Protein chains: 2
Amino acid sequence: MFRSEFPIFYVTVDVVLLAVREGQLVVLVVRRGEEPYAGAWALPGGFVGDGEELVDAARRELVEETGIVGDGLALEQLKTFGAPDRDRRPHRVVSVAHLGVTPYAETATAGTDAQDARWVPVDEVTGGLAFDHDAILDEARARAASKLEYTRLAASFLPPEFTIAQLRGVYEAVWGLRIDPGNFQRKLRASAGFLESTGDSVKPASGRGRPAEVFRALGEPFEALGAPIFRSAM
Amino acid sequence: MFRSEFPIFYVTVDVVLLAVREGQLVVLVVRRGEEPYAGAWALPGGFVGDGEELVDAARRELVEETGIVGDGLALEQLKTFGAPDRDRRPHRVVSVAHLGVTPYAETATAGTDAQDARWVPVDEVTGGLAFDHDAILDEARARAASKLEYTRLAASFLPPEFTIAQLRGVYEAVWGLRIDPGNFQRKLRASAGFLESTGDSVKPASGRGRPAEVFRALGEPFEALGAPIFRSAM
DNA sequence: TTGCTTCTTGTCAGGCCGACAACTACGGTC
DNA sequence: GACCGTAGTTGTCGGCCTGACAAGAAGCAA
């Protein structure tokens, strides 16, 4: 029933955890402590445990390697990378990559398996990661940009309560373009089932200017939006 | 370096091959010849070979089990299913599901591993497949519907040359709704970089009515369209 | 020729979008 | 306190796309 002719695999999970820091899209990377690629930067990840769900493994590795707990963290499977030569080690290793989004926080600390963990602007990670992690990052970035159009994922980049201007900042950072504040405001307020006003208002981030109304996001991060929000030429 | 504590996996590929037959969305299923689920219907698929790319394994299994050759066949990774209990056998089996689209043809024949292969309307496959293949089919269906909006995938359901009415039939079958012929015509002709006229025209399928202009599709099946084609309320 | 079918083009009202102006509500400065 | 700068919010307007529907074009059948 299990013939020896079927090859044996190891299965890992990798996590592309994205956040927005000062208007820049950043990704969490760890410095590898073990061979192969010891000392190189890589995406957090590791081997899937016995009887463990794939997404649970991703969440666990994130905690172990970076100390980031999955509270308020949106995590979804991205794509599986299984090229025969993607790992130098004797057995074949297939990696199920995950896309994660979280509000930015200075909590990235070294865990057990990794010597160091830090946030890096995705634009500055050009060809520098271990394994095929550059390709995984590219895929994640494209997926995130696309998910912003038709899901509520943008809110996962922010704390539970936020202003429309902050949300606009997320779209601008991920899409890499400037958006008209007025039109964005109108569009988001009209988008049914996405935002809910808390009634509060807060000073703008710069300290100057009119206070902004505070909102909460409705629904689940990866849940589809009634009407998409386009990046066409915004 | 490879510690024995890491669990060992088998990796399989499964293919959800979709087509449109007489206005109905159909999926290719095979009858299993071996345990587990011997005699039950399942998606074509099998174990990934040594040194074999995942998508190549999917294409190979399709040929072996159904005789369908990947000529004019659009194939892309869909999602990986790896729940610990998804396979009854001793070792854990992770399956990398693929979405395939092909013009309908009566070529589904039994291969080596499967006793029988046939096209079944997706609406009639309610809870009847082996393993977690029902969930995989659901995922594929949703993905295909979504891909029709913003890629050129619809053309992969048809032979190289086709009419706009045939293309409309694809959208109607996959989305499960009727589309206004006039508006669809205008929309598709305006959609730059999708269709190219061959200059020919053919009789409509029914034999009656005005002949239709024949088109060819430009670009790759999973390549993004300049402007999306919405299913909102068409 | 007439009728029927299907593809194709036309019309038109309504809605959404992008560009941009105007207004509002603060803090800071003289 | 008057003024100014900034940022959030609302308003305006022309253009484009959409959906509903009508009309024309090109074949087949009786």
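Here is the naming used below: chain letters follow the sequence lines, and residue numbers restart at 1 for every chain. Here the structure is a predicted model, which is why all the values come from computation and not from measurement.
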Rounded off to whole Å, could you give me the [atom1]-to-[atom2] distance for the [X] and [N] pair?
X: B/Arg178; N: D/dA20; atom1: CZ; atom2: C1'; result: 14 Å
X: A/Phe230; N: D/dT18; atom1: CZ; atom2: C1'; result: 13 Å
X: B/Leu188; N: D/dT18; atom1: CG; atom2: P; result: 11 Å
X: B/Ile179; N: D/dG19; atom1: CD1; atom2: P; result: 10 Å
X: B/Asp180; N: C/dT11; atom1: CG; atom2: P; result: 16 Å
X: A/Glu149; N: C/dC17; atom1: CD; atom2: P; result: 12 Å
X: A/Phe184; N: D/dT10; atom1: CZ; atom2: C1'; result: 16 Å
X: A/Asn183; N: D/dG14; atom1: CG; atom2: P; result: 16 Å

Q: Could you go through the ring pair (Phe, Tyr, Trp, His ring centres under 6.0 Å) check for B/Tyr171 and B/Phe184 one step at a time?
A: CA-CA 10 Å; B/Tyr171 278 91; B/Phe184 186 82; 5.5 Å; yes

Q: Taking only the side-chain heavy atoms of B/Lys187 (C-beta and beyond), determine which of D/dC17, D/dC21, C/dG18 contains the nearest atom.
A: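 My answer, after comparing the listed nucleotides, is D/dC17.
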
Q | Side chain of A/Pro181 - closest among D/dC17, D/dA20, D/dT9 | A |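 It is D/dT9.
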
Q.
How about CD on A/Glu161, more than 12 heavy atoms from neighbouring residues, nucleotides or ligands closer than 6.0 Å, or not?
A. yes

(Q) Other residues, nucleotides and ligands only: do more than 12 of their heavy atoms fall within 6.0 Å of CD on A/Glu196? (A) yes

Min side-chain heavy-atom separation [X]-[Y] under 4.5 Å:
X: B/Asp123; Y: B/Leu25; value: no
X: B/Leu54; Y: A/Thr80; value: yes
X: B/Ile136; Y: B/Asp132; value: yes
X: B/Val30; Y: B/Asp116; value: no
X: B/Leu17; Y: B/Leu73; value: yes
X: B/Val55; Y: B/Gln77; value: no
X: A/Val26; Y: A/Val20; value: no

Q | Given DNA chain C, 5'-ward residue of the pair B/Arg189 and A/Arg186, judged by closest heavy atom | A |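 Between the two, 5'-proximity favours B/Arg189.
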
Q: Run the salt-bridge test on B/Arg189 and B/Glu213 with the 4.0 Å N-O cut-off and return the result as yes or no.
A: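 Salt bridge between B/Arg189 and B/Glu213, a charged N being under 4.0 Å from a carboxylate O: yes.
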
(Q) Regarding B/Asp200 and B/Arg216, does a basic nitrogen lie under 4.0 Å from an acidic carboxylate oxygen? (A)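 Here B/Asp200 does not pair with B/Arg216 in a salt bridge, since their nearest N and O are not under 4.0 Å apart.
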
(Q) So, OP1 or OP2 of C/dC7: does either fall under 4.0 Å of a side-chain N or O from B/Gln185? (A)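 B/Gln185 to C/dC7 OP1/OP2: no side-chain N or O under 4.0 Å.
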
Q) Near DNA chain C, under 4.0 Å by heavy atom, which residues of residues 194-203 of chain A? A)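 Here the set is empty: none.
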
Q. Under a 4.0 Å heavy-atom cut-off, which of residues 157-172 of chain A touch DNA chain C?
A.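 Those residues whose heavy atoms fall under 4.0 Å from DNA chain C, taken from residues 157-172 of chain A, amount to none.
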
**Q.** Comparing A/Pro204 and B/Pro228 on DNA chain D - which has the more 5′ nearest nucleotide
**A.**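 Nearest nucleotide further toward 5': that of A/Pro204.
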
**Q.** Strand-adjacent residues in residues 206-219 of chain A, judged by heavy atoms under 4.0 Å from DNA chain D
**A.** A/Ser206, A/Arg208, A/Gly209, A/Arg210, A/Pro211, A/Ala212, A/Glu213

